[in-house]
Amino acid sequence: MAMAFKMATTGIWATEECKSAFMEMKWKKVHRYIVFKIDERSKLVTVDKVGGAAENYDDLTSSLPDNDCRYAVFDFDFVTDDNCRKSKIFFIAWAPTASRIRAKMLYATSKDGLRRVLDGIHYEVQATDPDEMGFDIIRDRAK
C-alpha cells in the first residue's frame, strides 16, 4: 500500500497523492485547485479532481457536486493595493444541504486532520451552498 497519513481518530487516512498534489500546487504552481473526497469503503481521502494553472475559481465551484461533500484547496493569486503579486491558499469544506447526514459528519470530523497534512493553508471557508463560498468572499478574505 502506498504511504498514507492518519487523520485524527476518525480512522480516515489521507493518501500520499493528496500531499504531493498539494505540494505541487503550493510550490510549483502547476494546479489552481484540488478537490478531495473521502472513499467511505477504503477510509481514504483521495484526489477527486485537479484544476490546471489556467483554470479559475468558477471551474472549481462548478466541479463540486450538488449532493455530496468534498474538501477543496484553491490557490488565489492577486495583486495588492501597492502592486505586489501575492498568493493565498484557501481550504474549502463543502457540505451541501442535499448531502447525506453520514457524509456531513464524516467530513466534519476528518477536516482538521486533512488540514494538518496540507501544510501551508492560509484561510478556511465552510460552505453548504455556493453563496457561502462566492468569489467575493475569497477575494475579501485574502486582502
Side-chain angles (χ1 to χ4, degrees), residues 4-143:
F5 302 91
K6 186 167 172 111
M7 298 175 4
T9 57
T10 61
I12 302 294
W13 294 72
T15 63
E16 174 65 34
E17 180 191 20
C18 294
K19 188 170 186 173
S20 61
F22 179 76
M23 289 306 184
E24 287 175 352
M25 183 183 86
K26 179 179 169 183
W27 297 113
K28 297 179 182 174
K29 303 290 186 188
V30 294
H31 311 307
R32 174 66 55 209
Y33 65 85
I34 307 165
V35 178
F36 304 97
K37 75 176 190 178
I38 296 176
D39 181 323
E40 291 183 34
R41 261 197 310 269
S42 67
K43 302 283 192 224
L44 291 173
V45 176
T46 60
V47 173
D48 188 33
K49 184 174 189 327
V50 175
E55 293 194 50
N56 62 34
Y57 193 69
D58 289 337
D59 296 318
L60 165 62
T61 57
S62 66
S63 72
L64 296 173
D66 295 332
N67 61 353
D68 201 4
C69 301
R70 291 291 187 273
Y71 303 120
V73 287
F74 179 71
D75 189 4
F76 177 61
D77 291 329
F78 61 100
V79 177
T80 63
D81 292 337
D82 54 351
N83 214 26
C84 273
R85 291 196 63 76
K86 292 211 171 191
S87 174
K88 297 289 182 185
I89 297 175
F90 282 79
F91 180 91
I92 299 165
W94 173 244
T97 308
S99 55
R100 296 172 301 125
I101 298 289
R102 176 175 165 72
K104 289 178 189 176
M105 291 175 56
L106 188 58
Y107 275 78
T109 56
S110 302
K111 176 180 58 117
D112 289 340
L114 181 61
R115 280 211 48 185
R116 276 193 292 283
V117 170
L118 306 178
D119 184 39
I121 291 169
H122 299 102
Y123 301 104
E124 180 176 324
V125 174
Q126 296 188 48
T128 58
D129 71 64
D131 291 340
E132 294 176 349
M133 56 179 278
F135 185 73
D136 55 332
I137 293 170
I138 299 295
R139 185 189 57 235
D140 294 348
R141 183 96 47 100
K143 293 186 177 186

Heavy-atom pair of closest approach, residues [X] and [Y]:
X: Asp131; Y: Ile137; value: O-CD1, 3.4 Å
X: Ile138; Y: Phe90; value: O-CZ, 3.3 Å
X: Phe36; Y: Val47; value: CE2-CG2, 4.0 Å
X: Leu114; Y: Ala14; value: CD1-CB, 4.1 Å
X: Tyr107; Y: Cys69; value: OH-O, 3.2 Å
X: Ala21; Y: His31; value: O-CD2, 3.3 Å

How long is the gap from [atom1] on [X] to [atom2] on [Y], to the nearest 0.5 Å?
X: Leu106; Y: Ile101; atom1: CG; atom2: CD1; answer: 13.0 Å
X: Arg100; Y: Asp68; atom1: CZ; atom2: CG; answer: 6.0 Å
X: His122; Y: Lys86; atom1: NE2; atom2: NZ; answer: 9.0 Å
X: Ile121; Y: Lys26; atom1: CD1; atom2: NZ; answer: 9.0 Å
X: Glu40; Y: Arg102; atom1: CD; atom2: CZ; answer: 5.0 Å
X: Asp75; Y: Ile34; atom1: CG; atom2: CD1; answer: 9.5 Å

Going by heavy atoms in the side chains, are [X] and [Y] under 4.5 Å from each other?
X: Phe22; Y: Ile89; value: yes
X: Pro65; Y: Trp94; value: yes
X: Gln126; Y: Lys111; value: yes
X: Met133; Y: Leu64; value: yes

Original post:
Who are the ring-ring contact (aromatic ring centres under 6.0 Å, His included) partners of Phe74, not counting sequence neighbours?
Top reply: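 ring-ring contact (aromatic ring centres under 6.0 Å, His included) check on Phe74 returns Tyr57.
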Heavy-atom neighbours of [X] [atom1] exceed 12 at 6.0 Å:
X: Met105; atom1: CE; answer: no
X: Asp81; atom1: CG; answer: no
X: Asp140; atom1: CG; answer: yes

**OP:** Go through the steps to decide whether Ile38 and Ser110 satisfy the test side chain to side chain contact (heavy atoms under 4.5 Å, CB included), and finish with yes or no.
**Re:** CA-CA 9 Å; Ile38 296 176; Ser110 302; 4.1 Å; yes
**OP:** Apply ring pair (Phe, Tyr, Trp, His ring centres under 6.0 Å) to Phe135 and Phe76, showing your working.
**Re:** CA-CA 10 Å; Phe135 185 73; Phe76 177 61; 5.5 Å; yes
**OP:** Applying salt bridge (charged side-chain N to carboxylate O under 4.0 Å, His left out), name anything that partners Arg115, two or more places apart in sequence or on another chain.
**Re:**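 Scan of Arg115 (salt bridge (charged side-chain N to carboxylate O under 4.0 Å, His left out), adjacent residues dropped) gives Glu124.
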Original post:
Which residues pass the salt bridge (charged side-chain N to carboxylate O under 4.0 Å, His left out) test with Arg32, sequence neighbours left out?
Top reply: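 Applying salt bridge (charged side-chain N to carboxylate O under 4.0 Å, His left out) to Arg32 gives Asp77.
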**OP:** Please determine if Lys37 and Asp39 form a salt bridge, counting it only when a charged side-chain N lies under 4.0 Å from a carboxylate O.
**Re:**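 Salt bridge: no.
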Original post:
Looking only at atom types and distance, does a side-chain atom of Lys104 sit under 3.5 Å from a main-chain N or O of Thr97, one as donor and one as acceptor?
Top reply: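 Here the side-chain-to-backbone pair exists.
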Subject >> Working for side chain to side chain contact (heavy atoms under 4.5 Å, CB included), residues Val73 and Phe91 >> reply: CA-CA 5 Å; Val73 287; Phe91 180 91; 3.9 Å; yes
**OP:** Go through Tyr33 and Ser63 one step at a time and tell me if the side chain to side chain contact (heavy atoms under 4.5 Å, CB included) criterion holds.
**Re:** CA-CA 10 Å; Tyr33 65 85; Ser63 72; 4.0 Å; yes
Subject >> Residue pair Lys29, Ser87: steps toward the side chain to side chain contact (heavy atoms under 4.5 Å, CB included) verdict >> reply: CA-CA 10 Å; Lys29 303 290 186 188; Ser87 174; 3.0 Å; yes
